[in-house]
Structures are given as structure tokens and as C-alpha cells.
Undergrad: 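Before I ask anything, let me first share the structure, which is written out below as C-alpha cells.
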Amino acid sequence: QVELVESGGGLVQPGGSLRLSCAASASISTPITMGWYRQAPGKQREVVAVIMLRSGIANYDDSVKGRFTISRDDAKNTVLLQMNNLKAEDTAVYYCHAKLDFVQTLWGQGTQVTVSP
């Protein structure tokens with residue numbers, strides 16, 4: 001019943017910025033973690049950033065450290081991903097993810113991010 005809905009993707013030039021948002025479509029218990037993954041053509045899906053909602057501790061893939069920032073809004077079960085200084089290699093479909101408990105996870109449908117001149 002619950003869905004994760006992403007927004008904010010689009011086409012930007014190298015060096016530009018985008019802000020992705022992910023929100024649950026219905027009220028849920030606070031997930032253990034929420035985060036963003038991405039998948040480029042011909043590549044495996046990879047983690048971009050994950051935040052532990054209780055503590056606010058975040059982890060980032062090395063390729064985005066210093067450029068991307070993940071943040072949370074616990075009241076809305078919403079996660080944001082601020083992406084700055086975007087590069088062509090950031091082009092991918094970005095998927096929101098929630099770890100609801102020890103056995104259940106939830107994925108969004110994905111939003112396209114394209115970085116091109």
C-alpha cells in the first residue's frame with residue numbers, strides 16, 4: 001500500500017545542481033534508514049547515500065562525497081538529496097529506498113537524472 005515517491009530529477013549541465021526528494025505516500029512507522037541508490041546503463045545498482053533516521057548519521061559513496069548531501073525530515077518520512085557540482089558520470093536513474101525493519105524494504109520507482117551540456 002505504501003509507496004515511495006521521488007521527485008526533482010531532470011536534465012542539468014555539468015556543474016549544475018539538483019535536489020531530489022523522496023516521500024512516503026502514506027503514514028508509516030519511522031524507517032530504520034532511508035537513502036538513494038542509482039543505476040546507470042550497463043551497470044549494477046549502487047548506493048549513493050544512506051541516512052540513519054534516528055541518529056541522522058549519513059554515509060556516502062566515495063564518488064559523491066563533498067558534492068551530495070542527504071538530509072531527513074522524520075515528521076514526514078521524507079529524505080532529500082542535494083546534488084551539487086554534477087558530473088556526466090552522475091547520469092543515472094536514482095531510486096529512493098527505505099529499510100522499514102529488519103526484514104522489509106521499500107523502493108521507489110526511480111527518477112532520471114541526466115547531466116549533459
Side-chain angles (χ1 to χ4, degrees):
Q1 293 184 12
V2 177
E3 296 181 344
L4 297 179
V5 181
E6 304 106 330
S7 63
L11 173 65
V12 297
Q13 296 181 357
S17 298
L18 284 174
R19 190 178 195 179
L20 305 184
S21 178
C22 173
S25 63
S27 179
I28 59 174
S29 299
T30 302
I32 299 171
T33 69
M34 293 186 71
W36 291 91
Y37 294 69
R38 66 186 181 187
Q39 187 166 21
K43 297 183 65 177
Q44 295 280 332
R45 188 174 299 184
E46 64 182 11
V47 64
V48 176
V50 175
I51 186 167
M52 300 183 68
L53 297 185
R54 181 73 64 180
S55 67
I57 297 173
N59 294 100
Y60 299 89
D61 183 78
D62 287 342
S63 67
V64 306
K65 286 182 179 178
R67 300 188 297 119
F68 291 10
T69 302
I70 188 170
S71 60
R72 77 203 196 281
D73 183 343
D74 291 337
K76 299 174 62 177
N77 287 329
T78 299
V79 164
L80 305 175
L81 184 69
Q82 179 67 45
M83 304 186 294
N84 297 327
N85 193 24
L86 284 160
K87 304 175 180 180
E89 53 263 41
D90 295 317
T91 296
V93 178
Y94 284 69
Y95 297 90
C96 184
H97 174 266
K99 183 177 182 180
L100 303 181
D101 53 40
F102 290 114
V103 298
Q104 187 176 5
T105 63
L106 192 65
W107 289 95
Q109 291 183 307
T111 184
Q112 177 71 48
V113 172
T114 302
V115 185
S116 175

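Model, not experiment: these values are computed from the prediction.
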Undergrad: Suppose we screen for side-chain contact (heavy atoms from CB on, under 4.5 Å). Which residues come up paired with S116, at least two apart in sequence or across chains?
TA: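 With sequence neighbours excluded, S116 shows a side-chain contact (heavy atoms from CB on, under 4.5 Å) to L11, T114, given in chain and number order.
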Undergrad: Is M83 reachable from V47 through a run of I, L, V, M, F, W or Y residues, each pair having side-chain heavy atoms under 4.5 Å apart?
TA: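 Per the 4.5 Å side-chain linkage, V47 and M83 are not co-clustered.
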Undergrad: Can you give each donor-acceptor pair under 3.5 Å made by side-chain atoms of residues 95-109, sequence neighbours left out, with the distance rounded to 0.1 Å?
TA:
residue, atom, partner, partner atom, Å
D101, OD1, V103, N, 2.9
D101, OD1, Q104, N, 2.7

Undergrad: For S25, what residues pass the side chain to side chain donor-acceptor pair (under 3.5 Å) criterion, not counting sequence neighbours?
TA: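 Expected list: none.
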Undergrad: Tell me, please, which residues at least two apart from E3 pass side chain to side chain donor-acceptor pair (under 3.5 Å).
TA: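 Testing E3 for side chain to side chain donor-acceptor pair (under 3.5 Å), a comparison that skips the adjacent residues, returns none.
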Undergrad: Using atom types as modelled, flag every donor-acceptor pair under 3.5 Å from a side chain in residues 60-70 to any protein atom, sequence neighbours excluded.
TA:
residue, atom, partner, partner atom, Å
Y60, OH, I70, N, 2.9
D61, OD2, S63, N, 3.0
D61, OD2, S63, OG, 2.5
D62, OD1, K65, NZ, 3.0
S63, OG, R38, NH2, 3.1
R67, NH1, N85, O, 3.0
R67, NH1, D90, OD2, 2.8
R67, NH2, S63, O, 2.8
R67, NH2, D90, OD1, 3.0
R67, NH2, D90, OD2, 3.4

Undergrad: Should L18 and V79 be counted in the same cluster of Ile, Leu, Val, Met, Phe, Trp and Tyr side chains packed under 4.5 Å apart?
TA: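 L18 and V79: one cluster.
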Undergrad: Sort and list the pairs that fulfil ring-ring contact (aromatic ring centres under 6.0 Å, His included) and have at least one residue in residues 4-35, not counting sequence neighbours.
TA: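 Checked against ring-ring contact (aromatic ring centres under 6.0 Å, His included) - neighbours excluded - no pair reaches residues 4-35.
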Undergrad: Counting only heavy atoms not in Q44 (residues, nucleotides, ligands), do more than 12 fall under 6.0 Å from its CD?
TA: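 Incorrect, the count does not exceed 12.
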Undergrad: Starting from L81, can I reach Y37 by hopping between I/L/V/M/F/W/Y residues whose side chains sit under 4.5 Å apart?
TA: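 The answer is no; the residues belong to distinct hydrophobic clusters.
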Undergrad: If hydrophobic clusters are built by linking Ile, Leu, Val, Met, Phe, Trp and Tyr wherever their side-chain heavy atoms come under 4.5 Å apart, do L4 and L53 end up in the same one?
TA: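 Yes; tracing contacts between hydrophobic side chains, which count when under 4.5 Å, links both residues.
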Undergrad: For residues L86 and W36: do they belong to one hydrophobic cluster (side chain heavy atoms under 4.5 Å, members Ile, Leu, Val, Met, Phe, Trp, Tyr)?
TA: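 L86 clusters together with W36.
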